[in-house]
Amino acid sequence: MTYQHIKLPESGEKITIKNDKLVVPKQPILGFVEGDGIGPDITAASLRVWDAAIEKAYSGKRKVHWCELYMGEKAAGIYAGDYFPAETLDAMKALIVSIKGPLTTPIGGGFRSLNVSLRQKMDLYACVRPVRYYSGVPSPLKKPEEVDVIIFRENTEDVYAGIEYESGSDANKKLAKFLREEMGAEFFEDAGLGVKPISPFASKRLVRKAIQYAIDNNKTDVTLVHKGNIMKFTEGAFRNWGYEVAKEEFRDHIVTEQELWDEHNGTIPEGKILVKDRIADIIFQLLQLRPAEFEVLATMNLNGDYLSDAVAAEVGGVGIAPGANIADHIAVFEATHGTAPKYANQNKVNPSSLMFSGVMMLEYIGWNQAADLITEAFISVMADKTVTYDFARLLEGATTLSTSNFADALIGKING
């Protein structure tokens with residue numbers, strides 16, 4: 001394919017899919033979007049760290065050939081004001097695996113969110129957010145080491161579908177009239193109206209991916225998070241459909257919580273994964289008081305958004321929290337924080353959210369040795385208290401490093 005502004009590297013090969021599996025060459029082409037605000041600083045630092053880990057792990061036998069893609073403010077400058085160029089989406093689909101920095105959403109019109117638009121346009125239906133504690137990171141919990149959970153958030157439905165009607169608009173009045181006269185609904189005059197779609201198709205494929213992850217990674221439990229006690233036909237349905245896919249498609253691998261007590265006297269059978277559910281508001285408490293009881297969470301869009309950031313706050317915040325948006329095969333990894341424009345081009349902020357998203361990316365393509373080197377280097381740097389300003393202000397005796405110098409410290413540990 002010929003692109004207008006995107007330039008594929010002269011060397012390297014594209015990842016392909018064969019028999020429903022990724023086929024990753026030793027010299028793959030991966031895409032990256034630099035991002036807005038602090039994006040250039042953290043992307044430059046992270047690229048250096050990823051490349052160093054790959055070089056060290058595989059002694060030059062493997063290498064990523066990076067292809068820059070454009071979205072956000074940089075894209076607008078290149079594509080005559082287009083923040084969301086179609087050829088970037090085409091390239092992401094063709095390359096299969098890519099990573100992006102934080103993006104600005106245009107103010108006063110345009111997209112509600114570039115991130116949401118990307119997920120919906122490419123049907124990246126699972127937002128995957130692993131949250132774990134790294135030794136030495138400041139935490140408000142007494143036992144942060146008990147936090148090790150991965151959240152699977154449905155990405156395409158719920159209130160994020162964007163089906164809403166402004167108070168006073170003709171469309172709002174038409175819908176309000178229908179709801180009152182035809183459906184018997186009662187609500188205040190001039191209320192803004194929104195529709196919350198939750199389907200069996202989207203719910204089941206999200207839960208399916210969460211359970212398969214638990215099987216592939218030797219996890220012991222999957223928790224369905226919902227507010228089904230109030231929203232019975234949307235969030236309650238998500239819970240029910242989740243149990244359906246667990247029992248119909250993974251019967252040999254799972255036991256439900258009800259079966260656990262009815263048939264197994266509360267003891268999980270050897271080799272089985274416990275599938276349970278918890279009300280959304282209760283899970284916030286449990287993840288603070290008893291985080292060790294949860295390994296994999298599967299939930300809808302809004303709940304997952306809240307939970308991802310809340311749990312990240314327990315172990316250092318979104319500044320070190322990685323994330324990915326994944327379809328059946330196509331994956332776009334991303335920094336989970338915003339653009340922080342007041343720190344743009346200051347070489348100051350912590351690049352770890354994007355860096356660890358790259359760790360997830362390396363694991364996704366099966367390059368675990370390189371991924372592990374970065375994680376080990378981060379723990380070692382934290383032990384030395386040589387950190388960026390966000391952690392330095394919380395750690396007594398810490399040395400404050402710039403973004404680029406923090407990358408230098410990590411690379412030093414990787415090569416050491």
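By convention here, the first residue in the shown sequence is residue 1.
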(request) Verify side chain to side chain donor-acceptor pair (under 3.5 Å) between E157 and N301, making sure each step is shown before the conclusion. (result) CA-CA 7 Å; E157 294 193 314; N301 214 330; over 6 Å; no
(request) Please report the C-alpha distance between S352 and N350 in whole Å, then the side-chain angles of each, then the deciding distance to 0.1 Å, and finally whether the side chain to side chain donor-acceptor pair (under 3.5 Å) criterion is met. (result) CA-CA 6 Å; S352 297; N350 191 336; 2.6 Å; yes
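Using a 4.5 Å cut-off on side-chain heavy atoms (C-beta onward), L118 and K100 make contact. Using a 4.5 Å cut-off on side-chain heavy atoms (C-beta onward), L395 and P138 make contact. A heavy-atom distance below 4.5 Å is not found between the side chains of Y389 and S402. Here the side chains of N155 and Y160 are not in contact, with every heavy-atom distance at 4.5 Å or above. Residues F152 and V207 fail the side-chain proximity criterion, which asks for heavy atoms closer than 4.5 Å. Here the side chains of M382 and F391 are in contact, with some heavy-atom distance below 4.5 Å. The shortest distance between side-chain heavy atoms of F178 and M183 falls below 4.5 Å. Put simply, the side chain of T104 does not reach to within 4.5 Å of the side chain of L114, judged on heavy atoms.
Between K204 and E244 there is a salt bridge, with a side-chain nitrogen of the basic residue lying less than 4.0 Å from a carboxylate oxygen of the acidic one. At a threshold of 4.0 Å, the pair E189-R180 counts as salt-bridged, since one of the basic side-chain nitrogens sits closer than that to a carboxylate oxygen. Contact check on E68 versus K74 returns a salt bridge, with a Lys/Arg side-chain nitrogen under 4.0 Å from an Asp/Glu carboxylate oxygen. Using a 4.0 Å cut-off between charged side-chain N and carboxylate O, R205 and D328 make no salt bridge. A salt bridge between E257 and R278 is present, with a side-chain N of the basic residue lying under 4.0 Å from a carboxylate O of the acidic one.
Identified under the side chain to side chain donor-acceptor pair (under 3.5 Å) test for residues 222-243, with sequence neighbours left out: K196-E235, H226-D277, K227-D281, E235-N303, R239-D277, Y243-D277.
Closest of all the heavy-atom pairs between I414 and A53 is CG2-CA, 3.9 Å.
The aromatic rings of F356 and F378 stand perpendicular to each other, their planes meeting at an angle above 60°, with 30° marking the opposite boundary.
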